[in-house]
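Supplied in structure tokens, the structure appears directly below.
Heavy atoms only: backbone and side chains are in, while hydrogens, waters and symmetry mates are out.
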Amino acid sequence: MISPRLLSLLLAAAGLLAATSAAGQAPAPAEPAKPAPPKNLLKIAPLGWVHGQLPFSTESRISYERVLGGRSSVGGSYSYLGTNYPFSFIGSFALSAAISSAVTLSGHPAVVWTDAKVRTTGSRYQLQYRYYFTRKQHAPEGFYLGPNFSYASADYRVSFPDFNTSFTITQKNTNYNLLVGYQNVLGRHFVLDVFTGLGHRDKDTKVYDQNGGLLTTMPKGTALKLSSGLNLGWAF
């Protein structure tokens with residue numbers, strides 16, 4: 001027969017072994033949860049400062065994107081269009097037909113080249129929906145596809161010191177595009193967004209004399225629109 005003292009020692013030893021075994025099997029601490037994807041993005045278009053969508057313009061753009069769910073987002077942007085001084089030769093070439101028509105209709109002979117001063121002011125508005133289809137990533141990161149609507153309007157005030165005359169070219173562009181791109185959030189906040197795509201462009205160009213009278217309406221040109229660009233921004 002086991003004595004009470006021996007029995008208590010055996011029970012104490014068994015309890016100590018059970019406690020040691022339970023401590024050795026304790027679950028490892030859980031890894032910290034990953035932060036939730038950002039829902040809001042503010043972006044700018046640095047290449048627009050070199051050359052805007054419309055000829056003879058620079059574009060200062062601010063855009064906002066809002067995530068709707070795991071795969072989609074909506075966004076909009078506003079741009080101010082200003083005079084592109086460093087790359088004015090690009091604008092001169094793009095507007096050469098309108099400039100030549102205005103000079104002729106103003107009663108001056110057509111010229112190959114003369115001093116022309118162009119000042120540009122205008123605005124551009126965009127709306128876009130994005131569907132992100134990268135399996136391992138969710139909005140607002142990964143490859144995306146979506147429709148884009150863009151409307152731009154600018155006035156080009158052209159003056160010819162040699163002829164002592166001036167006129168205004170008004171151009172309006174309405175674009176319906178399908179864009180594909182890739183967006184990544186580097187770290188937790190820095191946004192890199194590149195895109196390209198095709199669309200339909202409806203261009204309206206009118207030339208007015210210095211008194212505001214309509215001189216001519218220019219041909220619309222090709223309806224095909226090729227888009228591409230780079231956005232940088234901040235996610236939060």
Side-chain angles (χ1 to χ4, degrees), residues 34-82 84 86-87 90-91 94 120 122-154 171-204 220-236:
K34 294 183 178 180
K39 298 292 186 182
N40 305 281
L41 299 92
L42 286 176
K43 292 175 281 188
I44 59 174
L47 297 181
W49 301 329
V50 178
H51 197 265
Q53 183 201 44
L54 297 184
F56 225 127
S57 70
T58 59
E59 185 171 347
S60 301
R61 182 194 312 159
I62 181 72
S63 62
Y64 172 73
E65 181 180 354
R66 171 68 181 182
V67 175
L68 298 179
R71 292 292 180 189
S72 62
S73 72
V74 293
S77 71
Y78 168 77
S79 303
Y80 172 77
L81 306 180
N84 191 337
F87 286 81
I90 297 177
T120 309
S123 300
R124 183 185 182 197
Y125 305 89
Q126 294 187 81
L127 294 173
Q128 184 176 9
Y129 171 82
R130 292 181 175 185
Y131 178 79
Y132 290 84
F133 53 85
T134 305
R135 291 186 177 181
K136 295 183 179 180
Q137 294 175 294
H138 299 281
E141 295 187 86
F143 288 97
Y144 62 83
L145 179 72
N148 169 276
F149 170 78
S150 170
Y151 174 79
S153 175
Q171 187 170 112
K172 298 178 181 179
N173 277 10
T174 304
N175 300 326
Y176 304 90
N177 308 305
L178 183 63
L179 302 182
V180 60
Y182 179 81
Q183 182 165 269
N184 194 16
V185 180
L186 305 176
R188 294 188 62 182
H189 298 291
F190 184 74
V191 178
L192 175 66
D193 178 22
V194 293
F195 63 88
T196 188
L198 294 174
H200 173 85
R201 174 175 61 188
D202 182 14
K203 183 174 68 173
D204 180 68
K220 289 183 175 294
T222 178
L224 180 65
K225 176 69 169 63
L226 173 64
S227 299
S228 61
L230 165 70
N231 294 318
L232 302 176
W234 190 259
F236 57 97

Can you confirm whether Ser72 sits close enough to Tyr129 that some side-chain heavy atom of one is under 4.5 Å from a side-chain heavy atom of the other?
yes

Dump the intermediate steps for side chain to side chain donor-acceptor pair (under 3.5 Å) on Asp204 and Gln171, then the final yes or no.
CA-CA 6 Å; Asp204 180 68; Gln171 187 170 112; over 6 Å; no

For the ring pair Tyr144 and Tyr132, is the centre-to-centre distance below 6.0 Å?
yes

Give a yes or no on this: more than 12 heavy atoms of other residues, nucleotides or ligands lie within 6.0 Å of atom OH of Tyr176.
no

Using the six-membered ring wherever Trp is involved, compare the ring planes of Tyr125 and Tyr78 and label them parallel, tilted or perpendicular (cut-offs 30° and 60°).
tilted

Close side-chain approach of Leu198 and Leu226, heavy atoms under 4.5 Å:
yes

For a quick test of reading the model, state the closest non-hydrogen atom pair linking Ala139 to Gly69 and the distance between them.
CB-O, 3.7 Å

Hey, what do you get for CG (Asn184) to CD (Gln137), rounding to the nearest 0.5 Å?
6.0 Å

Can you confirm whether Lys225 sits close enough to Gln53 that some side-chain heavy atom of one is under 4.5 Å from a side-chain heavy atom of the other?
yes

Taking the side chain as every heavy atom from C-beta outward, state whether Arg124 and Glu59 have any pair of such atoms under 4.5 Å apart.
yes

If you apply the rule side chain to side chain donor-acceptor pair (under 3.5 Å), what do you find for Thr174 with Arg201, and how did you get there?
CA-CA 6 Å; Thr174 304; Arg201 174 175 61 188; over 6 Å; no

Applying side chain to side chain donor-acceptor pair (under 3.5 Å), run through Lys136 and Thr134 and close with a yes or a no.
CA-CA 6 Å; Lys136 295 183 179 180; Thr134 305; over 6 Å; no

Of all heavy-atom pairs linking Leu178 and Pro147, the shortest is CD1-N, 4.1 Å

Quick one, Glu65 and Val191 - any side-chain contact, counting heavy atoms below 4.5 Å?
no

Taking all non-hydrogen atoms of both residues, which atom of Ser57 and which atom of Thr120 are closest, and how far apart?
CB-CG2, 4.1 Å

Give me the atom names and distance for the closest heavy-atom approach of Lys172 to Ser153.
CG-OG, 3.7 Å

What's the shortest heavy-atom distance between Leu179 and Gly197, and which atoms?
CD2-CA, 3.9 Å

Can you tell me how far the CG atom of Leu41 sits from the NE2 atom of His189, to the nearest 0.5 Å?
11.5 Å

Taking the side chain as everything from C-beta on, heavy atoms only, tell me whether Gln183 gets closer than 4.5 Å to Phe143.
no

Any Arg61 side-chain heavy atom under 4.5 Å of Asn231 side chain:
yes

Taking the basic N atoms (NZ, or NE/NH1/NH2) and the acidic carboxylate oxygens, is any pair closer than 4.0 Å for Asp193 and Arg130?
yes

Note, Asp202 side chain near Asn173 side chain (heavy atom, < 4.5 Å):
no

Nearest-0.5 Å distance that lies between atom OG in Ser77 and atom CG in Leu42:
12.0 Å

Tightest non-hydrogen contact, residues Asn177 and Gly199, listed as OD1-CA, 3.5 Å

